[in-house]
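Structure first, then comments.
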Amino acid sequence: MNLNSGDQGKTIILEKFRTLDIAANANGRGLVWFTGSQDVIAQAIAPNQSFTMGPYIDDVYLRIECSEGSLTFDKNAPSQKPKKLSDILKTDLNGKTYQQNVATRGSISGNTASAALTDGTKTRLESRMKIFFGPQSCRDIRIVVTGFHATGSAAEVVNPNPITADFALELADASASVPFLFDGEQLLTVQPGGLYISDPLSLDFDAFATAWIRSGALVTSGQFIPISSMFAISGESMPYSTEATSQVNATGAMVNRTTGSTGPGGFIPAAILGTPIVNHVSVALYGDSLMAGTIGDGSDATTGARGAYARAVQGLFPWSNMARASETAAFNVGVNGFRRRQLIDFHSHVLINFDTNGIAGGATLAQCKASLTSIWTSAKRRGKKVYQSLIWPRTNAGNTAPVTGFAVGGIRDQLNAWIKTQVGNGILDGIIDANVVVESKTTPGLWANSAWTADGTHLNNAGCLAAAVPIRAAVSEWTI
């Protein structure tokens with residue numbers, strides 16, 4: 001097709017997986033716009049320029065305008081469906097707006113095996129979880145579902161059995177729920193080791209809006225369902241039972257069934273994606289129990305955030321929890337943790353807090369350095385901004401003496417000093433230093449307040465709230 005100066009602009013639909021070739025003659029100039037609720041310039045066209053737009057994972061509306069000379073444009077046949085996560089995230093040529101994590105509380109499943117741990121007869125686990133969107137309005141919501149989980153003794157293991165899952169997005173006021181589909185089907189068979197991204201739900205949400213994720217997991221008697229932490233917000237629920245019917249497509253709080261009771265946690269998405277009107281910071285929380293907040297702290301009753309890091313990021317930017325208790329940096333190097341690292345792709349920033357468990361477990365300074373460098377490098381190769389938290393104190397239960405490796409001048413201090421020197425090396429973008437609050441100024445190596453920790457390792461609610469203050473101050477300065 002041809003478009004000349006003075007012609008009215010042309011609006012076309014570029015169907016998913018198709019590409020569009022555009023070329024300008026020697027005098028040609030113009031603009032290509034993404035059109036929708038708000039028009040966004042996708043590409044300025046200069047004389048003699050030619051380029052290709054797409055393929056995209058959804059139909060895209062484009063408006064082509066010619067201000068000088070003439071332009072030609074032609075659609076190409078559909079390309080093969082993109083398979084890589086980098087392709088799935090791509091929605092435009094120059095990064096104007098693209099799919100990213102847009103809401104809080106996605107989480108990798110942990111090492112609690114499900115109802116089967118306490119009652120091997122339960123076959124259905126359902127949950128209703130509140131989510132909080134980020135600082136820009138967004139659309140086309142998707143979820144990421146995984147067939148693997150963390151164990152605390154290794155970065156991840158594949159689930160031992162398939163799980164039949166279904167999910168829905170419920171509006172904040174419980175007036176309606178809409179099912180998530182996977183290749184057009186609501187029921188998803190989550191195979192061991194798999195990672196699945198739903199079809200987009202063409203719903204729009206305002207900045208800092210809320211909604212509910214409804215989920216269900218069905219197995220045969222005695223099989224395994226990995227879960228996340230228990231929920232705490234009013235209206236959330238996680239019943240488990242042997243019922244034949246699902247509550248996922250309903251609205252309002254899920255009820256305990258006659259064949260079950262309140263479950264030990266929820267089977268939830270690992271991340272909640274969407275396309276914001278303007279892309280913004282989103283944070284992958286990657287580390288151990290201090291990052292996950294699963295020991296010592298409880299979930300905030302208003303936001304569901306748990307632990308100092310999630311509490312710090314909450315209300316600024318959306319986050320996903322990639323952290324699990326007992327992990328070390330070495331658990332997440334190379335083939336260890338490769339499935340989980342896929343989730344980094346959905347975020348702009350990665351906040352890491354390894355390696356307190358490495359030091360406590362006897363890792364040498366050189367081993368800690370090598371493991372952290374590998375994790376940082378993997379995140380940087382995905383184009384992310386990478387931040388490392390300095391290692392916190394670790395003491396006996398009475399907070400009277402540091403444990404081995406955490407005394408003044410020990411491996412912890414040496415590792416922290418080295419981490420600071422790595423900022424700006426092309427891999428590590430910055431540090432997060434909560435030690436300015438959590439570490440004693442008069443007796444370095446001890447916690448600033450013995451009331452903040454019962455075991456000398458994990459912070460309780462008061463300690464997490466205190467630690468969140470310097471973390472939030474640093475994170476609030478982040479930009480994409």
Side-chain angles (χ1 to χ4, degrees), residues 101 103-119 122 124-133 141 143-146 149-150 163 165-174 177 180 209-218 225-241 243 246-257 260-272 285 289 291-311 313-315 318-325 460-461 464-465:
N101 188 71
T104 64
R105 303 187 74 198
S107 179
I108 187 169
S109 296
N111 60 342
T112 301
S114 81
L117 279 180
T118 55
D119 184 346
K122 298 299 185 289
R124 184 181 295 277
L125 175 63
E126 300 170 304
S127 60
R128 181 183 191 240
M129 179 183 74
K130 193 171 186 178
I131 61 172
F132 298 78
F133 288 96
I141 310 304
I143 56 173
V144 181
V145 181
T146 61
H149 62 281
I163 297 169
D166 56 338
F167 301 86
L169 184 65
E170 181 184 352
L171 300 185
D173 62 0
S177 67
F180 284 102
T210 63
W212 305 87
I213 295 289
R214 304 176 68 90
S215 60
L218 183 66
I225 303 175
I227 64 171
S228 69
S229 302
M230 295 181 71
F231 305 147
I233 299 175
S234 176
E236 294 186 328
S237 46
M238 44 195 173
Y240 70 144
S241 67
E243 297 292 322
S246 169
Q247 301 181 78
V248 169
N249 291 329
T251 58
M254 292 180 171
V255 298
N256 287 340
R257 318 295 281 274
S261 59
T262 299
F267 181 68
I268 63 174
I272 297 100
L285 302 176
S289 59
M291 179 72 76
T294 50
I295 301 175
D297 191 22
S299 297
D300 183 88
T302 301
T303 66
R306 188 170 185 172
Y309 296 93
R311 290 176 182 274
V313 179
Q314 180 71 37
W319 50 268
S320 298
N321 172 37
M322 294 173 55
R324 273 299 174 258
N460 58 24
N461 178 255
C464 286
L465 290 173

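All values reported here derive from a predicted model rather than from experimental measurement. Quick note: numbers below take in every heavy atom, side chains included, and nothing from hydrogens, waters or symmetry partners.
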Applying ring pair (Phe, Tyr, Trp, His ring centres under 6.0 Å) to Phe167 and not counting sequence neighbours gives none
Heavy-atom nearest pair, Ile163 first then Pro226, reads CD1-CD, 3.6 Å
When rounded to the nearest 0.5 Å, the distance separating CG of Leu285 from OG of Ser320 is 8.0 Å
Hits for side-chain contact (heavy atoms from CB on, under 4.5 Å) against Ile233, two or more places apart or cross-chain, chain-then-number order -> Arg105, Lys130, Phe132, Glu236
Say whether, by atom type as modelled, one donor and one acceptor occur between the side chain of Thr104 and the main chain of Trp319 under 3.5 angstrom. no
To the nearest 0.5 Å, atom CG of Asn249 lies from atom CG of Asp166 at 6.5 Å
Would you say that Thr251 contacts Trp212 through its side chain, given a criterion of any heavy-atom pair below 4.5 Å between the two side chains?
no
The salt bridge (Lys or Arg N to Asp or Glu O under 4.0 Å) partners of Arg306 (sequence neighbours excluded) come to none
(Q) Donor-acceptor pair, distance only, cut-off 3.5 Å: does the side chain of Ser237 make one with the backbone of Val255? (A) no
So CD1 of Ile272 and CD1 of Ile131: to nearest 0.5 Å the spacing works out to 5.0 Å
Across all chains, not counting sequence neighbours, the side-chain contact (heavy atoms from CB on, under 4.5 Å) partners of Leu465 are Arg311, Asn461
Check: Are Ser107 and Arg324 side-chain neighbours, meaning at least one heavy-atom pair lies under 4.5 Å?
Finding: yes
Here the pair of heavy atoms bringing Ile141 nearest to Phe180 is O-CE2, 3.7 Å
For Ala103 and Pro318, the nearest pair of non-hydrogen atoms, with its separation, is N-CB, 3.4 Å
Sorted by chain and number, sequence neighbours left out, side chain to side chain donor-acceptor pair (under 3.5 Å) with Asn460 holds for none
Check: So, the side chain of Arg128 versus the backbone of Gly252: is there a donor-acceptor pair under 3.5 Å, distance only?
Finding: yes
For the residue pair Ser215 / Ser127, report whether a side-chain donor-acceptor contact shorter than 3.5 Å exists.
yes
When rounded to the nearest 0.5 Å, the distance separating OG of Ser228 from CD1 of Ile108 is 11.5 Å
Can you find a pair of side-chain heavy atoms, one from Phe231 and one from Ile268, that are under 4.5 Å apart? yes
side-chain contact (heavy atoms from CB on, under 4.5 Å) filter on Thr302, not counting sequence neighbours, yields Asp300
Rounding to 0.5 Å, atoms CE (Met129) and CE (Met238) come to a distance of 12.0 Å
What one should report as the nearest heavy-atom pair of Arg124 and Ser246 is NH1-CB, 3.6 Å
Applying side-chain contact (heavy atoms from CB on, under 4.5 Å) to Glu126 and Arg257, what does each step give before you reach the verdict? CA-CA 10 Å; Glu126 300 170 304; Arg257 318 295 281 274; 2.9 Å; yes
| task | Would you mind reporting whether Asn256 and Pro239 have side-chain heavy atoms less than 4.5 Å apart? | result | yes
